[in-house]
J.: 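Below you will find the structure I want to go over with you.
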Amino acid sequence: MSTIELQPVKGTRDFYPEDLRARTWLFAQWREVARQFGYEEYDVCVLEHVDLYIRKAGDEITSQLYEFKDKGDRHVALRPEMTPSLARLVLAKGAAMALPLRWFSLPQCFRYEQAQKGRKREHYQWNMDIIGLPGVAGEAELMAAQVAFLRRTGLNLEPGTPDIVWKVSNRQVIQFFLEGLGITGETFAAVCVVIDKRDKIGNEATVIELGKLGVGIEAADKIIDLLNTTGLEQAAAKVPADNPGLIALKELLALAEAAGFAHLIKIDLSVIRGLSYYTGTVWEVFDATGAMPRAIAGGGRYDKLMETFGGQPTPMVGFGFGDVVILEILSERGLLPTFSRGIDDVVFPMGPPEFAVATRVATFLRTQGRAVTVDYSGKRFKAVIERAEKDGAKRLLILGSNEVRDGVCVVRTLGGTERKEEKVPLKDLGVG
Ligand code: HAM
């Protein structure tokens, strides 16, 4: 029996090499799409000042923090999301940076959540953000990047019955409505946090929670009713034509049309987002079949966050796209590529006297850009071949005492049906 706990900490994951290959592949896709859209990668430490996440509106994320005092009595937290760190970076450099900035990152984030399908206590997030660009061209560009990534994975995003849907709203639409009910300022942000939880807690509990914020039952019922609004026409019927949120939604649809993904957008006022800093467009990306209830990705415009941190007004918009849900979806649909170890050659010295020459051959092959391992196991030939084939190697280079004496190496092709074997002079393999 082992004396240590062998399972990872609850809600966190181990990545054995075969698991890490999928993550590395996913990150490569995200990086490639970000590159195609001209975004630059940034990073910060996972350990942050806790103050970045303390918000008056009562965001759920604040109650899910992994937080502690360090030995210098600093109150710190493992970041639950990247957006506040991004705002801190931008604020720290101030006017030195030429806006707009297009930045992306792949942070690991920690939230003390109830672990369930699609949700863990640690996850990686692809973040793409634009800093310093007002107007929905930013939103359209970011959604286009999400579309580009999901298309690359082989999911169907064509008109008809696409696999994925973008549920989009604008907080200014709902803000207009709530202002009419006398809900403004900080209470508005707090109300958004509550109604975002409606799916999870149900209508009744939502009304009770709203009551705690001073929203009467009649007003709460009206709010819940408003959340059933879908489609641009229905939304337009709820607010005046000059409502900035409505105008922004119209403009966004026009840009999405131009970019060829308007068919993927569903205007849906029930999308609020649980983070209180959003001020305009908000969106969440879902599996269209509904089989995966948790959002694949979420984003929005947060034009006031910099001011909250004491900076200049700076328009910002972006999204976070987690690794957990998308890997589950791709795996369930058989869309994950098969990953091999990527080894080109295995060099097999048949005994210790051949170790030195095998090392020289491997060193030479690596200078040629090939991925090479040396099998020092001394196992039987059959076992060596099986292992090399399992590792996906393309060639086995056999070095017995006779070969070395004759100045040759037996090179055998692996995999495939036709097995080829030839003797290659050692001098052609960097020896002698
Ligand atoms: P969020 O909606 O809290 O937004 O998270 C974004 C995405 O991260 C989710 O849609 C999901 O894919 C993933 N995610 C979040 N929590 C978990 C979890 N416990 N387990 C697995 N995956 C999870 C934000 O974090 C914003 N900061 C995004 C943003 C960037 N807004 C503007 N810029």
Side-chain angles (χ1 to χ4, degrees), residues 9-13 23 26 30 34 39 42 44 48 52-53 55 59-66 78-90 101-131 133 138-139 141-143 145-146 149-150 164-169 171 192-193 196-197 199-200 271-287 292-306 314-330:
V9 172
K10 191 164 192 265
T12 70
R13 297 166 293 172
R23 192 179 98 192
L26 181 68
W30 283 343
Y39 285 60
Y42 69 97
V44 298
E48 264 289 8
L52 289 187
Y53 313 111
R55 296 178 199 127
D59 301 35
E60 195 174 24
I61 217 169
T62 310
S63 64
Q64 297 170 333
L65 285 177
Y66 280 87
L78 299 181
R79 69 170 160 241
E81 58 158 338
M82 196 62 157
T83 312
S85 301
L86 171 65
R88 181 175 64 72
L89 286 190
V90 175
L101 302 170
R102 285 180 165 81
W103 284 8
F104 82 97
S105 61
L106 303 176
Q108 189 178 22
C109 302
F110 292 82
R111 298 181 189 185
Y112 195 82
E113 284 211 40
Q114 209 50 48
Q116 52 179 285
K117 193 170 162 64
R119 283 296 178 270
K120 311 247 175 247
R121 290 187 176 162
E122 134 304 299
H123 69 282
Y124 287 86
Q125 246 189 35
W126 174 36
N127 278 244
M128 277 179 74
D129 289 84
I130 309 181
I131 301 110
L133 185 68
E139 280 88 324
E141 179 176 300
L142 291 160
M143 288 179 195
Q146 295 179 321
F149 159 68
L150 288 164
I164 309 288
V165 58
W166 273 251
K167 293 190 180 171
V168 184
S169 181
R171 280 200 178 179
C192 286
V193 170
D196 178 68
K197 287 192 286 200
D199 273 354
K200 242 195 277 173
V271 174
I272 298 286
R273 309 273 295 133
L275 299 159
S276 59
Y277 50 66
Y278 292 116
T279 52
T281 316
V282 277
W283 78 92
E284 287 193 327
V285 184
F286 282 96
D287 175 343
M292 174 63 81
R294 308 305 302 258
I296 301 173
R301 177 165 285 283
Y302 50 106
D303 287 349
K304 295 264 159 42
L305 185 60
M306 289 288 276
T314 312
M316 294 173 85
V317 58
F319 68 78
F321 200 127
D323 64 330
V324 179
V325 178
I326 189 63
L327 284 178
E328 279 180 18
I329 289 176
L330 294 179

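In listed order, ligands and their atoms are each counted from 1. As the structure is a prediction and not an experimental result, all values here were calculated from the model.
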J.: Taking side-chain contact (heavy atoms from CB on, under 4.5 Å) as the definition, give me every residue that meets it alongside Lys200, ordered by chain and number, with sequence neighbours left out.
T.: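 Result, side-chain contact (heavy atoms from CB on, under 4.5 Å) vs Lys200: Glu60.
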J.: Just to verify, what does Trp166 make a side chain to side chain donor-acceptor pair (under 3.5 Å) with, not counting sequence neighbours?
T.: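 Only Gln146 meet the side chain to side chain donor-acceptor pair (under 3.5 Å) criterion with Trp166.
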J.: Taking the six-membered ring for Trp and the full ring for Phe, Tyr or His, determine whether the centres of Trp30 and Phe104 are under 6.0 Å apart.
T.: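 No, the ring centres sit 6.0 Å or more apart.
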J.: Below 4.0 Å from any atom of ligand 1, which residues have a heavy atom? Give them in chain and number order, please.
T.: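 Contacting ligand 1 under 4.0 Å are Glu81, Thr83, Arg111, Glu113, Gly118, Arg119, Lys120, His123, Gln125, Asn127, Asp129, Arg273, Leu275, Tyr277, Tyr278, Ala295, Ile296, Ala297, Gly298, Tyr302, Gly318, Phe319, Gly320, Gly322, Val324.
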J.: Which residues pass the side-chain contact (heavy atoms from CB on, under 4.5 Å) test with Asp59, sequence neighbours left out?
T.: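 With sequence neighbours excluded, Asp59 shows a side-chain contact (heavy atoms from CB on, under 4.5 Å) to Arg55, Ala57, Ile61, Thr62, Val193, Leu275, Ser276, given in chain and number order.
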J.: Centroid-to-centroid, Tyr302 to Tyr277, below 6.0 Å?
T.: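 Yes, the ring of Tyr302 comes within the 6.0 Å limit of the ring of Tyr277, centre to centre.
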J.: Got a salt bridge between Arg13 and Asp323, using NZ or NE/NH1/NH2 to carboxylate O under 4.0 Å?
T.: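 Asp323 and Arg13: salt-bridged.
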